[in-house]
Amino acid sequence: MKEILENNIAKYIYVILLLGVGLNYIQEPKLIVVQVFAVFYLTVIFKRFSTSFRKNIYYATLLFSIMGYAMMFHIGERYGIYYFYFTLFVYIILLIFKEKYYINLLNGIKNNKYIRFLTIFVIYLLVSIVWTYDKKVAIMSSINYIIMICLLLMIVVENKSKDRLKETFKFLEYVYIGILVLGFVQILGFKYGLKNSYDVVPNIYEKLPYLIRVPQVFFYNPNNYGVVVSLAMIFILVAYSFSKTKKQKIYYLTLFICSQLNLIFSKCRTAWIVLVGFVIFAIILSIVYKNKNLRKSSIQIFIIMSVIFFILSLVPNMTYYYDKFNATPILRKLNIVNIHKPAIPNNEIASFGEKGSINVRYTLMIDVINRVIKEKHLLGFGVGNTPVYIQRVGNTYGIFSIHSFWFEILGDFGIFIFLYFIYICINILRDLFIGLKNKGNNLNKYSLIGILCSVSIAGLIFAPSSVVAFTPFWICLALIYSSLEVSKLED
């Protein structure tokens with residue numbers, strides 16, 4: 001009887017969610033491709049993953065959070081509410097009042113150093129509003145943080161066992177395949193209604209027609225998309241390494257190659273550097289821990305990745321998608337392609353206060369260090385207010401977002417929370433390494449995922465302008481923690 005009731009509720013939720021997509025179509029009929037994408041994956045959730053009301057809401061929230069601004073309820077021309085806000089709110093209410101999860105949370109604060117840090121962090125960010133210069137920005141940033149932390153908690157709560165985490169990975173894999181397909185659609189030169197970072201520049205496609213082929217999918221700009229693809233490639237590498245059949249190997253290798261092609265067209269230099277770094281790191285791990293499968297798989301991936309990268313760089317029309325590499329002094333020495341306008345002098349990695357992507361990012365970091373440490377803003381500028389202070393300094397040519405979560409934490413919350421954050425990150429990595437070898441002397445799959453993701457995301461958070469409202473970052477953090485907890489269960 002209970003199972004029949006759950007199935008009926010799942011059907012009602014499915015219908016309500018489809019009606020929500022229908023409302024989005026009424027408001028944004030030009031996004032029909034996006035809406036078909038949503039309907040398809042909502043159906044996949046209903047048919048394959050929905051076993052209860054809570055599960056349905058969980059997977060729908062994951063889907064809508066990844067789709068981001070593509071699925072919004074518009075209020076007038078300027079404002080809108082993300083669909084995942086609605087479903088996440090329903091989930092949290094269900095968790096609090098029906099499941100009474102706040103009791104577990106109180107116990108966690110007492111006994112779990114990670115939950116304790118998260119609690120202190122939330123309290124501090126709310127208190128920091130008091131000394132912020134721009135209270136409106138601070139309040140909006142606080143809301144974003146709380147929403148993202150709720151998203152993180154939802155994923156952690158839903159993935160407390162190996163089977164549950166495995167199911168989440170499988171769902172994300174399905175969604176990622178769809179994202180790659182949409183990425184290839186953009187690479188072929190087709191647009192499907194979503195605005196991106198290039199669209200705000202007048203006549204940009206007439207001046208630089210190659211930009212029409214730069215994919216962003218649901219992530220607004222190519223750097224964000226590059227981060228998503230690079231993160232996905234970590235999971236693909238691990239899945240490839242642990243594949244037991246030739247068919248599985250071919251499938252994950254194909255997925256990796258498709259991901260690489262999307263990454264090349266995204267022009268995201270940071271994602272590429274981190275990708276190469278994590279594959280090399282995986283090879284080193286395999287040697288240290290004497291794991292033949294990981295070593296063989298990582299070396300194969302590295303060779304294939306390098307061959308594709310350099311062969312495509314020789315194609316004349318691909319020059320535009322490699323230009324950022326030759327704008328970097330260290331990478332320019334590889335002489336990948338012939339770019340005649342280097343962004344910065346050959347003998348300098350970066351220059352303070354000068355124009356150019358690397359120079360501006362360097363200047364942003366130095367500004368934060370100077371204001372927090374030298375000028376003794378030791379408690380930080382307050383939540384969301386680092387860009388406000390950068391704007392007042394006025395030496396970054398109209399770019400005020402920090403482009404690094406490390407320096408965003410330092411600027412917003414000061415030296416003490418920054419050091420506490422570093423301490424927590426080191427602890428997670430240490431705990432993951434402790435569980436890397438299981439009782440059978442083999443590598444623990446979930447510890448390996450957690451380690452590779454932790455190391456990679458430390459570099460990838462230099463790519464987006466900010467990760468505070470960047471849902472893939474928070475999803476990844478949740479999966480790292482869940483991988484840690486599941487690896488303990490496996491031991």
Side-chain angles (χ1 to χ4, degrees), residues 7-50 53-93 144 147 151 154 171-200 205 212-222 224-225 228 262 469-472 475:
N7 288 336
N8 286 335
I9 292 172
K11 287 178 184 177
Y12 294 141
I13 295 299
Y14 173 60
V15 171
I16 291 168
L17 292 171
L18 289 182
L19 289 173
V21 177
L23 178 61
N24 184 260
Y25 173 74
I26 292 170
Q27 292 188 321
E28 293 277 1
K30 63 182 179 181
L31 299 182
I32 183 64
V33 173
V34 173
Q35 289 135 10
V36 169
F37 182 96
V39 168
F40 175 78
Y41 280 103
L42 286 174
T43 305
V44 170
I45 291 169
F46 177 67
K47 295 289 187 182
R48 168 73 172 77
F49 294 94
S50 177
F53 172 61
R54 201 173 93 178
K55 281 284 184 186
N56 211 324
I57 294 296
Y58 164 65
Y59 284 111
T61 304
L62 265 186
L63 174 65
F64 288 146
S65 68
I66 291 168
M67 296 183 72
Y69 77 106
M71 290 301 297
M72 291 181 71
F73 175 73
H74 294 276
I75 305 169
E77 293 184 3
R78 291 185 59 189
Y79 302 102
I81 303 173
Y82 294 126
Y83 271 36
F84 89 90
Y85 287 3
F86 294 111
T87 53
L88 182 59
F89 177 75
V90 171
Y91 183 91
I92 295 299
I93 292 297
N144 278 332
I147 290 170
L151 178 66
M154 178 194 75
F171 174 72
L172 291 174
E173 182 184 311
Y174 289 167
V175 174
Y176 179 65
I177 291 170
I179 289 170
L180 281 182
V181 170
L182 291 183
F184 278 119
V185 169
Q186 287 187 307
I187 289 169
L188 291 172
F190 298 103
K191 290 175 70 68
Y192 37 84
L194 277 176
K195 289 184 179 180
N196 59 56
S197 57
Y198 297 136
D199 293 337
V200 299
Y205 299 114
I212 196 75
R213 298 183 185 276
V214 176
Q216 301 92 11
V217 192
F218 304 127
F219 308 102
Y220 189 68
N221 71 55
N224 290 355
Y225 183 57
V228 172
N262 271 260
F470 185 51
T471 54
I475 291 170

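Both backbone and side-chain heavy atoms feed into the values below; hydrogens, waters and symmetry mates do not.
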Minimum heavy-atom distance between Val21 and Ala38, given as atom pair plus value: CG2-CB, 4.0 Å
Parallel, tilted or perpendicular: which fits the ring planes of Tyr82 and Tyr85, with parallel below 30° and perpendicular above 60°? perpendicular
Please output the side-chain donor-acceptor pairs of residues 27-34 that fall under 3.5 Å, not counting sequence neighbours, one pair per line with the distance.
from	atom 1	to	atom 2	distance (Å)
Gln27	OE1	His74	N	2.9
Gln27	NE2	His74	O	3.0
Glu28	OE2	His74	NE2	3.3

Ring geometry between Phe49 and Phe171 (parallel below 30°, tilted from 30 to 60°, perpendicular above 60°): perpendicular
Minimal heavy-atom distance between Ile45 and Ala60, with the atoms involved, is CD1-N, 3.7 Å
Pairs flagged by salt bridge (charged side-chain N to carboxylate O under 4.0 Å, His left out) wherever residues 173-191 is involved - sequence neighbours left out: Lys170-Glu173, Lys191-Asp199
Before giving the answer on side chain to side chain contact (heavy atoms under 4.5 Å, CB included), spell out for Phe84 and Ile147 the whole-Å C-alpha distance, their side-chain angles and the decisive distance to 0.1 Å. CA-CA 10 Å; Phe84 89 90; Ile147 290 170; 4.0 Å; yes
Any side-chain heavy-atom pair from Asn196 and Phe219 closer than 4.5 angstrom? no
Got Ile212 and Phe190 here, is their nearest side-chain heavy-atom distance under 4.5 Å? no
Check whether any side-chain heavy atom of Gln186 sits under 4.5 Å from a side-chain heavy atom of Tyr192, and report yes or no. yes
Please name all residues satisfying side-chain hydrogen bond (donor to acceptor under 3.5 Å, both in side chains) with Asn224, sequence neighbours left out, ordered by chain then number. none
Nearest-0.5 Å distance that lies between atom CZ in Phe89 and atom CZ in Phe86: 10.5 Å
Which heavy atom of Phe53 sits nearest a heavy atom of Val90, and at what distance? CZ-CG1, 4.0 Å
Main-chain N/O of Tyr174 paired with Tyr41 side-chain donor or acceptor, under 3.5 Å: yes
Contacts table for residues 66-73: side-chain donor-acceptor under 3.5 angstrom, sequence neighbours left out:
from	atom 1	to	atom 2	distance (Å)
Tyr69	OH	Lys195	O	2.3

Can you sort out the partners of Ser65 under side-chain hydrogen bond (donor to acceptor under 3.5 Å, both in side chains), two or more places apart, ordered by chain and number? none
Stepwise, does the side chain to side chain contact (heavy atoms under 4.5 Å, CB included) test hold for Phe470 with Val228? CA-CA 10 Å; Phe470 185 51; Val228 172; 3.9 Å; yes
Smallest heavy-atom separation, Gln35 atom then Asn24 atom, equals NE2-OD1, 2.8 Å
Exercise: identify the closest heavy-atom pair between Pro222 and Ser197: CD-OG, 3.8 Å
Sub-4.5 Å side-chain heavy-atom contact between Asn56 and Leu17: yes
Counting C-beta onward and ignoring hydrogens, is there a side-chain heavy-atom pair between Phe46 and Val15 closer than 4.5 Å? no
Kindly determine whether Val44 and Tyr59 satisfy side chain to side chain contact (heavy atoms under 4.5 Å, CB included), including the steps that lead there. CA-CA 10 Å; Val44 170; Tyr59 284 111; over 6 Å; no
Who pairs with Thr61 by side-chain hydrogen bond (donor to acceptor under 3.5 Å, both in side chains), at least two apart in sequence or on another chain? Thr87
Output, in order, the C-alpha distance, side-chain angles, deciding distance and verdict of side chain to side chain contact (heavy atoms under 4.5 Å, CB included) for Val181 and Phe37. CA-CA 10 Å; Val181 170; Phe37 182 96; over 6 Å; no
Decide whether Gln216 and Asn221 meet the rule of one side-chain donor and one side-chain acceptor closer than 3.5 Å. no
